[in-house]
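Only heavy atoms go into these numbers, but all of them, side chains included; no hydrogens, no water, no symmetry mates. A quick note: this is a predicted structure, and the numbers were derived from the prediction, not measured. Naming: A, B, ... by sequence-line order, numbering from 1 per chain.
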2 protein chains.
Amino acid sequence: MNSQPLLSYINKIITLTEEEETYFTSKIVYRKYLKGQYILQQGDVNNKICFIISGCVKMFYVDDLGQEHILMFGVENWWASDLGSYISQAPSDFNVQCIEDTALIQVAYNDIEDLYSKIPKLERCFRIIIEKAYVASQKRIVRNFSMSAKDRYLIFKENYPEIEQRIPQYMVASYLGVTKEFLSKIKSQIATEQ
Amino acid sequence: MNSQPLLSYINKIITLTEEEETYFTSKIVYRKYLKGQYILQQGDVNNKICFIISGCVKMFYVDDLGQEHILMFGVENWWASDLGSYISQAPSDFNVQCIEDTALIQVAYNDIEDLYSKIPKLERCFRIIIEKAYVASQKRIVRNFSMSAKDRYLIFKENYPEIEQRIPQYMVASYLGVTKEFLSKIKSQIATEQ
DNA sequence: AGTAAATGTTAATCTAGATTAACATTATTT
DNA sequence: AAATAATGTTAATCTAGATTAACATTTACT
């Protein structure tokens with residue numbers, strides 16, 4: 001099993017000894033999902049945190065009218081879970097579904113407390129991970145408030161050029177909070193500009 | 001100095017011994033601000049976390065067109081800071097300004113590492129605080145995506161009935177992401193309904 | 001290869017909410 | 001008490017983006 005990507009990721013935040021790495025590795029599980037499979041469903045408690053080794057997922061929410069709203073995409077070296085539900089162990093408002101065949105590493109919630117006590121640095125590490133997620137979330141609120149759909153699209157392209165290639169456009173539209181028709185309009189508008 | 005509200009708040013999340021409480025208390029600072037004063041300004045690093053004892057603040061962002069967008073309000077027993085900037089020690093995108101005379105307790109960033117090492121439980125405590133903030137932030141994104149301004153207003157009233165009484169309506173409008181004129185329209189619409 | 005399903009485009013019409021502007025009410029200051 | 005500033009309302013007009021619908025293109029399946 002290849003746990004290296006996750007260890008490298010963690011070692012950018014804290015420094016684990018070899019022993020600690022070994023112990024940490026003993027607690028993680030490697031798992032593959034097929035395109036279309038769900039890693040998490042709305043209403044379930046997210047009892048495993050997932051780190052993506054390869055593939056692509058979307059985290060989304062289905063509203064009362066059955067409309068799907070994508071909160072985020074996850075690709076290699078990203079977390080593919082509702083961190084909020086994981087750490088609070090409360091039912092999630094979100095679904096996480098694979099939009100490509102996806103390989104990931106899981107850490108079960110039941111193991112994380114043990115990991116925190118054996119390797120206290122991990123508590124700090126996860127605090128920092130959540131912090132980053134929180135900051136990104138706040139930025140997203142600000143953008144949705146004060147920017148037009150066109151500007152949000154341009155920012156998305158700039159921030160995630162690789163992701164745009166890998167997913168259908170109607171999902172990008174959902175992420176941006178507009179209809180696929182309107183995104184189509186935005187794109188043709190941008191095209192005629194240059 | 002009255003540090004009791006903060007200690008009660010923290011003791012709901014973790015349990016501090018008397019010694020720990022004493023040490024914690026030795027590191028905090030009590031401070032008063034007048035209505036209109038800024039606790040944090042856009043571009044500055046937030047080097048003190050603030051817990052509100054009394055009063056009311058708004059956290060907001062000024063966009064390129066000079067428009068103000070309120071991200072959150074803070075009242076008694078809430079945090080009145082950009083937690084993201086505090087923990088990452090990166091310049092804040094936000095301002096925090098008092099909309100009433102406000103008394104608060106501060107913990108300087110320079111002291112927090114020391115506190116974490118002396119009282120490791122605090123690391124967990126702050127992780128949990130951030131988690132809650134993150135979950136609330138995600139919920140906000142979802143709401144802004146899939147709900148009308150009227151529904152968002154009704155949710156705001158339901159969640160924060162006390163706050164609505166204390167702040168001018170145009171700030172509620174800014175929080176909801178609509179103009180004050182439109183909020184006025186929503187209110188008269190609601191009034192004629194019943 | 002041929003068919004069905006998924007995805008993307010264009011254009012016409014509609015609507016939630018913005019903008020502008022004039023006026024009303026409430027606080028605050030002198 | 002008057003004057004000024006801050007806040008709130010109403011109505012007319014405008015616009016970003018939604019909705020509907022018809023069609024085009026690409027992908028996946030048999």
Q: Rounded off to whole Å, could you give me the CG-to-C1' distance for the A/Leu183 and D/dA18 pair?
A: 14 Å

Q: State whether A/Gln169 places a side-chain N or O below 4.0 Å from either non-bridging phosphate oxygen (OP1 or OP2) of C/dT9.
A: yes

Q: To the nearest Å, give me how far apart NE2 (A/His69) and C1' (D/dA18) are.
A: 13 Å

Q. With a 6.0 Å cut-off on ring centres, are B/Tyr9 and B/Trp79 close enough?
A. yes

Q: Using atom CE of A/Met147 as one end and atom C1' of D/dG17 as the other, report the distance to the nearest whole Å.
A: 16 Å

Q.
So, using salt bridge (Lys or Arg N to Asp or Glu O under 4.0 Å) as the criterion, who are the partners of B/Lys150 when residues are at least two apart?
A. B/Glu193

Q | Integer-rounded Å distance: D/dA16 P and A/Gln189 CD | A | 9 Å

Q) What is the distance, rounded to the nearest whole Å, between atom OH of A/Tyr170 and atom P of C/dT9? A) 14 Å

(Q) Run B/Arg166 and B/Glu76 through salt bridge (charged side-chain N to carboxylate O under 4.0 Å, His left out) and show every step you take. (A) CA-CA 12 Å; B/Arg166 288 167 72 169; B/Glu76 290 74 19; 3.0 Å; yes

Q: Looking only at side-chain atoms of A/Ser184, point me to the closest of D/dT9, C/dT10, C/dG17.
A: C/dT10

Q: Calculate the interatomic distance between A/Ile99 atom CD1 and C/dT7 atom C1'; express it in whole Å.
A: 14 Å

Q: Calculate the interatomic distance between A/Ile186 atom CD1 and C/dT10 atom C1'; express it in whole Å.
A: 15 Å

Q: Check the angle between the aromatic planes of A/Phe73 and A/Phe156 and answer parallel, tilted or perpendicular using the 30° and 60° thresholds.
A: tilted

**Q.** Between P of D/dT13 and NZ of B/Lys185, the distance in whole Å
**A.** 13 Å

Q) Which letters describe nucleotides 19-30 of chain C, given B = protein heavy atom under 4.0 Å from base, S = only from sugar-phosphate, - = neither? A) BBB---------

(Q) Can you tell me how the ring of B/Phe145 sits relative to the ring of A/His69, calling it parallel under 30°, perpendicular over 60° and tilted otherwise? (A) parallel

Q) Between B/Leu16 and B/Ile14, does a side chain to side chain contact (heavy atoms under 4.5 Å, CB included) hold up when you go through it step by step? A) CA-CA 7 Å; B/Leu16 294 178; B/Ile14 53 173; 3.9 Å; yes

